[in-house]
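Reviewing the structure listed below.
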Amino acid sequence: MQIAFETVSVVGLGYIGLPTAAVMASRGLNVIGVEVSLRAVGSINSGRAHFFEPELDALVKKAVDEGRLRAVTRPEPAEAFIIAVPTPVDRDHSPDLSYVEAAGTSIAPVLRRGNLIILESTSPVGTTEMLARRLAALRPDLKFPLGQESEPDILMAYCPERIIPGQMITELIHNDRILGGLTPRSAKAAAALYSSFVQGQLVPTSGRTAEMVKLSENAFRDVNIAFANELSKICDRFGIDPWEVIELANHHPRVAILKPGPGVGGHCIAVDPWFIIHAAEDLSPLMQAARQVNDSKPPYVVERVRAMTRSCDRIACLGLAYKADTDDLRESPAVQVATALALDRAGELLVVEPNQTQLPEVLSELGARQVELEQALAEADVLVLLVDHRQFRNLDPAALSGKRVYDARGIWPRYRSVRPEEARLTLRAVS
Ligand code: SAJ
């Protein structure tokens, strides 16, 4: 069995694959990155990451300069393959595994006896076994781990990534990892590979368990954010500041409520619970409700902004990213809110997004204008805070005076609850 790895291939050099490749290269491994995007390949080979993540550019540059990382478009032989490709859901929320299948098809011709294949992409339960069956059909000359008694030629494991954007490099090194081997030797080989750069605990289990662990982590977070989001709407009705309620409730030693916001975005928390729901719809009412609550938040924010604005008001949206201090717009609730407001007032909306140089097409087509924060503060009547970027957190509260403000992230205490007269009216209607 191969237990000391020298050459590792990472298939998919996106948000997970590139940091993983760069960190492995920094530990002395020779890393071949396989990526279909020519733009990404060009950028990486010139020593630059094709997206923003703290510390990543420096790591990529060093790895490329030292000849330990190179990006290619077609797989080459290696001792281990880490697959880190997207696993989106379709419009009907069913899992789209076409990228995993394509990755398998692309590495099949270069596989050799003794290779280790690791799937890191968030995947429905059973995906790693499906990949093994697919590879077995493509390479009948090799024995894959398909539940037979004898030792396979190829080792396979599911080892979910767990890194959070903004702290990816630190978390890659320090987080514990779950190693779901399709055979016990596969888990051992995976441990040998990850121990070259992971300082956290390496915990072996089965492939299916590891797949479910990953889905459980993100579904847990989705459900907990949904609780905070539901609470925020209830507090709005009572004219109470939900962030203060949560802060005070969290003084209880066994309570840790998350933060309400304009909705749940990114390519993980808003997507992964569907992998469970799709496979066990009759058993997942809580997860389904959480998805519905979180998805209801962007339209709720739009309604509240509409309620506080007049048709002649100029609105500025502050932030478009799916969360603070990132440039990532994937599934961003802020983009959803800004688009609805831009539709309301074609050609009028101002948008501040310090981490992007241009607006997404959908917004520019609606005539929204990207401006600097200072200009938004000078020109807008209404400020809609959608992302708690550093630039907004650090703003002097005096800069907001005279503005009407909707703070969807709770960073400006003065503007965190609805106007008292509105709450009084609601309460009267309720009593
Ligand atoms: N959010 C809130 N309130 C909160 C926390 C988050 O509204 O209290 C929102 C964020 O603004 C964002 C969304 O939820 O729109 C998701 O952000 P996040 O920081 O919770 O998570 P991600 O999507 O950046 O990363 C998650 C992480 N999973 C968990 O924390 C369980 C990360 O560790 C995973 O590696 C990543 O998903 C992934 O790739 O699966």
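Model, not experiment: these values are computed from the prediction. First listed ligand is number 1; within each ligand, the first listed atom is number 1.
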Heavy-atom distance to [atom]: which of [options] wins?
atom	options	value
atom 40 (O) of ligand 1	E217, K214, R409, R162	K214
atom 18 (P) of ligand 1	R221, E120, K297	R221
atom 4 (C) of ligand 1	M168, E331, H267, K259	K259
atom 23 (O) of ligand 1	D272, I269, L215	I269

If we only count N/O pairs under 3.5 Å, is [X] in contact with ligand 1?
X	result
C268	no
G265	yes
T122	no

Looking at [Y] and [X], is any side-chain nitrogen of the basic one under 4.0 Å from a carboxylate oxygen of the acidic one?
X	Y	answer
R369	E379	yes
K259	E247	no
R221	E217	no
R416	E244	no

Review point. Does Y15 have R330 sitting over its ring (NZ/CZ under 6.0 Å from centre, angle to axis within 45°)?
Key: yes
Which residue supplies the protein heavy atom nearest to [atom], what is that atom called, and how far is it?
atom	result
atom 28 (N) of ligand 1	N218 OD1, 2.9 Å
atom 19 (O) of ligand 1	K323 NZ, 2.8 Å
atom 15 (O) of ligand 1	Y322 O, 2.8 Å
atom 14 (O) of ligand 1	I225 CD1, 3.5 Å
atom 27 (C) of ligand 1	I164 CD1, 3.9 Å
atom 39 (O) of ligand 1	E161 OE2, 2.5 Å

Practice item. Assess the side chains of T73 and E35: does a donor N or O sit below 3.5 Å from an acceptor N or O? Key: no
Review point. Taking the six-membered ring for Trp, are Y194 and F197 parallel (under 30°), tilted (30 to 60°) or perpendicular (over 60°)?
Key: tilted
**Study point:** Between Y415 and Y406, ring centroids under 6.0 Å
**Key:** no
Check your understanding: For ligand 1, does I163 get within less than 4.0 Å through its side chain, its backbone, both, or neither, judged by non-hydrogen atoms?
Key -> backbone
Review point. What do the steps show when you test E161 against T20 for side-chain hydrogen bond (donor to acceptor under 3.5 Å, both in side chains), and what is the final call?
Key: CA-CA 9 Å; E161 59 82 15; T20 306; over 6 Å; no
Review point. Is there a salt bridge (charged side-chain N to carboxylate O under 4.0 Å, His left out) between D313 and R404 once you walk through the steps?
Key: CA-CA 10 Å; D313 286 334; R404 268 164 292 143; 2.9 Å; yes
Revision key, fill the gap. For P165, the atoms of ligand 1 under 4.0 Å from one of its heavy atoms are 24 (O)
